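So the structure is just underneath, and the comments pick up after that.
For clarity, every value in this text was computed on a predicted model and none was experimentally measured. Side chains included, hydrogens not; waters and symmetry mates left out as well; all remaining heavy atoms used.
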Amino acid sequence: MRMDPQELLSLCKRRGFLWPAYDIYGSVAGLYDYGPLGAALKNNIEDHWRRLYVQGEGFQEISCPIVAPEPVFKASGHVDAFSDMYVECTKCGETFRADHLAAGLHANPASLGEDELGKMLRESGVLCPECGGGLTAPKRFNLMFKTSIGAGRGKTAYLRPETAQGMFVNFSQVYRYGREKLPVGAVQIGRAFRNEISPRQGLIRLRELNMMEAELFVHPEDKSWPKFRDVRAEVVPLVPNKGPPSSVALEEAVKAGVIRNEVLAYFMWLTYKFALDIGLDPKRLRFRQHESTEMAHYASDCWDLEAEIGYGWTELVGVADRGCFDVKAHLDHSGADLTSFERYDEPREVEMEVVKPNFGALGPLFKDKSKLIAEALSKLPAEAAKDQDKVTVDVEGEALVVPSSCYEVSKRKEKVSGRKLVPHVIEPSYGVDRLLFSLLDHVYSKKDEYIVLRLKGLVAPIKVGVFPLMARDGLGEIATSIFDSLVKAGIAAYYDDSGSIGRRYARMDEIGTPCCVTVDYDTKSDGTVTVRDRDSAEQVRVKKEEVAEVVKALISGASFESLRSPQD
RNA sequence: GCGGCUGUAGUCUAGCGGUUAGGACUGAAGCUUCCCAAGCUUUAAGCCCGGGUUCAAAUCCCGGCAGCCGCACCA
């Protein structure tokens, strides 16, 4: 049974995971604050992701500005594709996508401006499909937050709607830093902004969100991946866009063409591993392949990792093969050489025909324009000039006729040592907030009004609670010194000496603290303390000097049972 | 953005035109040799915001904001 998200949000607010942002001014939909526990949990999730991608797979972590000038998003397609035109019915108030209503009237209605589209709808007498009422003029709504850089009119800019573009535009730097090899990858963890029309559902649809994105630049013709061999037998739950859901080995899925290539399959596996590592429930996870109609303008294959939570199946991660779309777009718009150079094993001798300017004839005829004409001539394809008695070249907008006496077409041998390639991009894109919220949903458990978050030690915001059984008789001093030693060992610990011991355990259980250490009267005589396991509520006694070591073992996954000595 | 429902301490809730707005849990201080939200004492904290109707508004009306559900949207 799915849980009531309201209940979870209530806990989050009560215990300091999440607060609606700007609450005292009435809040803004789609903006949340992370409280102390939420911020810690978020950091822990991000740190683990970093371990997998940066340390484990060798991606370069970079950090780019959130504000970007307009041309970046012109190139990426966001200025145009990220905005929609709406019309409203003046009678029933229903809203419609203007370009959808114009389907059939124009080959590509989405490419038209507001005025053109409005005129077309009006002249064709298009009415409200619901009630037949009149329609307003189209209004454009762009999901990016617009701003400007600098004073006065400034420079039009936008808050980034994804962190990806920062990595695409830095391809050359990343490629160079990576010693000019493919594949090479970059990652970025940071904020992105989307001015959603109607934010809903807690952290699921936010206006300011946290993303962890990886962009892997690969050879366009080679999407194999050496480490794929290590995981080829692994099974992940797949829901392909054709055929029934299946859980098959990755190798089989790639062979059958269900998953398009090895790299994609590998990073789907890594994504699945990450999800399990942080503690999401495998029974409530699946990879769903985008329908071909749903696929974004850039993607050639895309799989979403979805989790089943109180709101239903929810997309947490998208793993997409974006082809060459992004890099090509920035290459075309900026003119920068965003290519990788593939060196041939042996340099090749290539014989080619070239147009060679004859300066002796050019000079007297064209005077100071000769140099520019010569450059233009060299760029001409040989076929265009061969066996002609004249050619026309374009020099600074002027069409000039150049007689064949001014050039000759000759064969030239050239050594070609490689070729330039526009890399393809494999993009795993993670929504931090959604991951965090889904994780809380999956670890939430309640029995007779007693709430326990079964967070793994890896991500738990607080790793251990430290309590004196009584705040007297010197127990407090011993507990404080244990607390200090834990802090010194770099473990997030929480000291509490107020209220009954049961209440203190309950407080820690409710925020997912994996274990608690209690100093009691025996501690004074034999130097041992109890360590309590959150999920079983069982206890073992350990020497107080060993507490830090034991806690470290527990939070890195050791079973509670393994703490028991044989004689226990 | 449209339609429906909703808004009382940190949380859950009582209230139905005139109440010092009541309770429970939580929080804080303390008592109780106290290992699983025990008990007792003390204490803090609330009518989403703004207009209107009325002698009088948490309560009725309007607008805003926020939440939930449906539609649309989610590149």
Going 5' to 3' through nucleotides 28-34 of chain B and flagging B where a protein heavy-atom sits under 4.0 Å of the base, S where only the sugar-phosphate is that close, and - otherwise, we get ----SBB
Could you let me know what [N] is paired to, Watson-Crick or G-U wobble, both distances under 3.5 Å, or none if it's on its own?
N	answer
B/A58	none
B/A28	B/U42
B/G17	none

When you check the side-chain N and O atoms of A/Gln289 and A/Asp301, is any donor under 3.5 Å from an acceptor?
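The criterion, which ignores hydrogens and geometry beyond distance, is satisfied for A/Asp301 and A/Gln289.
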Are A/Gln201 and A/Arg434 close enough that a side-chain donor and a side-chain acceptor fall under 3.5 Å?
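No, no side-chain donor-acceptor pair sits under 3.5 Å.
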Please tabulate the protein-to-nucleotide N/O contacts below 3.5 Å involving nucleotides 40-46 of chain B, giving atom names and distances.
none

Is the base of [N] touched by the side chain of [X] through a donor-acceptor pair closer than 3.5 angstrom?
X	N	value
A/Arg532	B/C36	yes
A/Arg503	B/G27	no
A/Gln539	B/C35	yes

In terms of relative ring orientation, are A/Phe287 and A/Tyr272 parallel, tilted or perpendicular, with 30° and 60° separating the classes?
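Tilted: the ring planes of A/Phe287 and A/Tyr272 meet at 30° to 60°.
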Chi angles and distances behind the ring-ring contact (aromatic ring centres under 6.0 Å, His included) call for A/Trp49, A/Tyr430
CA-CA 10 Å; A/Trp49 192 83; A/Tyr430 295 60; 5.5 Å; yes
Ring center gap for A/Phe217 and A/Phe171 short of 6.0 angstrom:
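Yes; A/Phe171 has its ring centre under 6.0 Å from that of A/Phe217.
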Detail all sub-3.5 Å separations between protein N/O atoms and N/O atoms belonging to nucleotides 62-66 of chain B.
{"unit_1": "B/C65", "atom_1": "O2'", "unit_2": "A/Gly26", "atom_2": "O", "d": "2.8"}
{"unit_1": "B/A66", "atom_1": "OP1", "unit_2": "A/Ala29", "atom_2": "N", "d": "3.0"}

